[in-house]
Peer 1: 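Can you keep this structure in mind? I'll have questions shortly.
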Number of protein chains: 2
Amino acid sequence: MVLGKGQPNGTAQGDLGLFELPDRLGGQIGFVLNKVARQLHAMFTESLEPLGIKPQHYAVLVLLDASSPLSQQAIGQRLYIDRTTMVHIVDDLEKRGLAVRAKNTADRRKHAVSITEPARKVVAEAGRMADSVQEQYLAPLSQNERRQLLQLLKRLLRP
Amino acid sequence: MVLGKGQPNGTAQGDLGLFELPDRLGGQIGFVLNKVARQLHAMFTESLEPLGIKPQHYAVLVLLDASSPLSQQAIGQRLYIDRTTMVHIVDDLEKRGLAVRAKNTADRRKHAVSITEPARKVVAEAGRMADSVQEQYLAPLSQNERRQLLQLLKRLLRP
DNA sequence: ATGGTTGGTCAGTTATACTGAACATCACAC
DNA sequence: GTGTGATGTTCAGTATAACTGACCAACCAT
């Protein structure tokens with residue numbers, strides 16, 4: 001998966017030219033996409049460590065912060081997260097006191113997952129870290145280019 | 001990591017508007033990046049199955065096709081692949097008769113990893129599949145936008 | 001000859017994603 | 001009222017990719 005640390009060492013920032021990819025790979029958006037995603041993910045993961053959460057936790061909390069409660073299925077659908085992975089994420093959040101699973105009286109199949117008050121502070125803090133990491137990693141691009149990149153990526157995202 | 005299948009089901013192509021991300025996430029390039037990378041990776045992985053290789057195998061073979069032999073360390077550095085992961089990848093390729101580890105007489109610490117002749121055919125076929133998958137997934141973007149996306153991503157990639 | 005570094009391997013751990021099966025629950029047709 | 005199909009969630013796994021730390025052989029500079 002696109003995650004983790006692992007930058008090649010022994011090279012200075014900006015030495016990318018020293019390791020040109022062959023055209024066959026350099027022309028593959030998927031390849032570069034994976035590596036970029038992994039680098040950014042690793043930076044974000046590291047920055048969140050003091051808060052005791054991971055990027056996936058943050059994403060779920062952001063959604064719940066915006067609108068609580070939601071079912072696990074609804075969260076998963078909006079965040080492109082697998083149903084079993086969602087079970088684990090909510091397990092973790094419950095364990096950390098950052099979310100609760102309540103009964104959904106209208107449909108007993110579903111949990112009513114809600115954010116807790118302490119979690120709102122965590123989300124705010126993590127949001128600042130997210131912005132900081134993004135600012136740092138996207139430094140090679142202008143603001144306009146960043147908007148452009150995001151817009152292009154969003155247009156690719158399939159349901 | 002950014003990999004696997006897992007698209008939410010029950011929604012039609014183009015229904016993205018139905019599941020807008022909150023700004024806090026939608027504005028995070030990392031989040032969208034991960035999801036896009038995973039989708040493209042899943043498509044490519046699936047398309048390669050008939051050839052019995054995976055995207056990482058393909059990447060290594062492409063590099064070796066361009067220049068053989070190379071040490072595992074050299075391959076890893078150019079493809080942003082961890083040294084232990086590289087061991088497994090070359091193990092797999094050897095097992096499939098697609099690469100060989102020979103002795104490096106100049107430096108006995110290093111293997112001289114080379115592509116095999118049969119593997120060149122696999123690389124060619126996989127390359128066509130890579131192009132096809134990329135063509136399909138990038139369909140929402142114009143040719144110019146695709147070049148732009150790739151260029152922006154490459155500028156972000158750190159050593 | 002020695003110490004530091006490098007290349008590679010091994011034995012793990014971690015994160016994310018996924019499948020299939022199972023069960024409780026819901027909605028709907030009859 | 002009943003049966004059937006679908007849904008939401010959980011469980012028990014598997015898979016992929018990445019990673020760390022330790023270890024050993026080999027290389028290089030001193």
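Here the structure is a predicted model, which is why all the values come from computation and not from measurement.
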Peer 1: Figure out the CZ/P separation between B/R108 and D/dC24, and round it to whole Å.
Peer 2: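 Rounding to the nearest Å, CZ of B/R108 and P of D/dC24 are 18 Å apart.
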Peer 1: Tell me which nucleotide among D/dA17, C/dC10, C/dA17 gets nearest to the side chain of B/T85.
Peer 2: D/dA17
Peer 1: Going only through I, L, V, M, F, W and Y residues with side-chain contacts under 4.5 Å, is there a path from B/L64 to B/V87?
Peer 2: no
Peer 1: Are B/D131 and B/R128 within salt-bridge range, i.e. N to O under 4.0 Å?
Peer 2: no
Peer 1: Please evaluate the base of D/dT10 for a donor-acceptor partner in the side chain of A/T84 within a cut-off of under 3.5 Å?
Peer 2: no
Peer 1: Just to confirm, is there a sub-4.0 Å distance from OP1 or OP2 of D/dA18 to any side-chain nitrogen or oxygen of A/K35?
Peer 2: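 Answer is yes, contact under 4.0 Å.
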Peer 1: Once you round it to whole Å, what is the distance between P of C/dT14 and CD of A/E46?
Peer 2: 17 Å
Peer 1: Cluster question for you: counting only ILVMFWY and a side-chain heavy-atom cut-off of under 4.5 Å, with indirect links fine, are B/L157 and B/I81 together?
Peer 2: yes
Peer 1: Roughly how many Å is it from CG in B/L33 to P in C/dT16, rounded to a whole number?
Peer 2: 15 Å
Peer 1: Test B/T84 against B/H88 for side-chain hydrogen bond (donor to acceptor under 3.5 Å, both in side chains), laying out the working first.
Peer 2: CA-CA 7 Å; B/T84 301; B/H88 300 317; over 6 Å; no
Peer 1: Atom OH of A/Y80 to atom P of C/dA15: distance rounded to whole Å?
Peer 2: 25 Å
Peer 1: Tell me which residues in residues 51-61 of chain A put a heavy atom below 4.0 Å from DNA chain C, sorted by number, or none.
Peer 2: A/K54, A/Q56
Peer 1: By nearest nucleotide on DNA chain C, pick out whichever of A/H88 and A/A106 is the more 5' one.
Peer 2: A/H88
Peer 1: In whole angstrom, what separates A/K103's NZ from D/dG8's C1'?
Peer 2: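 Taking atom C1' of D/dG8 as the reference, NZ of A/K103 is at 14 Å.
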Peer 1: Could you state the atom-to-atom distance from CG of B/D82 to C1' of D/dT16 in whole Å?
Peer 2: 13 Å
Peer 1: Quick one: does B/R96's side chain have a donor or acceptor within less than 3.5 Å of a partner on B/G52's backbone?
Peer 2: yes
Peer 1: Take the protein atom CG of A/N34 and the nucleotide atom P of C/dT16, then report the distance between them rounded to whole Å.
Peer 2: 15 Å
Peer 1: Check this one for me: any side-chain N or O of A/H41 less than 4.0 Å away from OP1 or OP2 of C/dT16?
Peer 2: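 A/H41 to C/dT16 OP1/OP2: side-chain N or O found under 4.0 Å.
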Peer 1: Look at the side-chain heavy atoms of Ile, Leu, Val, Met, Phe, Trp and Tyr, link any pair under 4.5 Å apart, and say whether A/I53 and A/V100 land in one connected group.
Peer 2: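 Per the 4.5 Å side-chain linkage, A/I53 and A/V100 are not co-clustered.
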Peer 1: Grab the CG-P distance between B/L79 and D/dA18 for me, whole Å please.
Peer 2: 10 Å
Peer 1: Out of B/R83, B/R101, B/K110, which one pairs with B/Q72 under the side-chain hydrogen bond (donor to acceptor under 3.5 Å, both in side chains) rule?
Peer 2: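 So the option named by the test is B/R101.
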Peer 1: With respect to A/L63, which candidate in A/V123, A/L70, A/V113, A/I115 satisfies the side-chain contact (heavy atoms from CB on, under 4.5 Å) definition?
Peer 2: A/L70
Peer 1: Checking side-chain contact (heavy atoms from CB on, under 4.5 Å) against B/L153, which of A/L141, A/N34, A/L33 comes through?
Peer 2: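 By the side-chain contact (heavy atoms from CB on, under 4.5 Å) criterion, B/L153 pairs with just one of A/L141, A/N34, A/L33: A/L33.
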Peer 1: Would you tabulate the nitrogen or oxygen pairs shorter than 3.5 Å linking the protein to nucleotides 6-8 of chain C?
Peer 2:
| unit_1 | atom_1 | unit_2 | atom_2 | d |
| --- | --- | --- | --- | --- |
| C/dT6 | O4' | B/R109 | NH1 | 3.3 |
| C/dT6 | O2 | B/R109 | NH1 | 2.8 |
| C/dG8 | OP1 | B/Q72 | N | 3.3 |
| C/dG8 | OP1 | B/H111 | N | 2.9 |
| C/dG8 | OP2 | B/Q72 | N | 3.3 |
| C/dG8 | OP2 | B/Q73 | N | 2.6 |
| C/dG8 | O3' | B/H111 | NE2 | 3.0 |

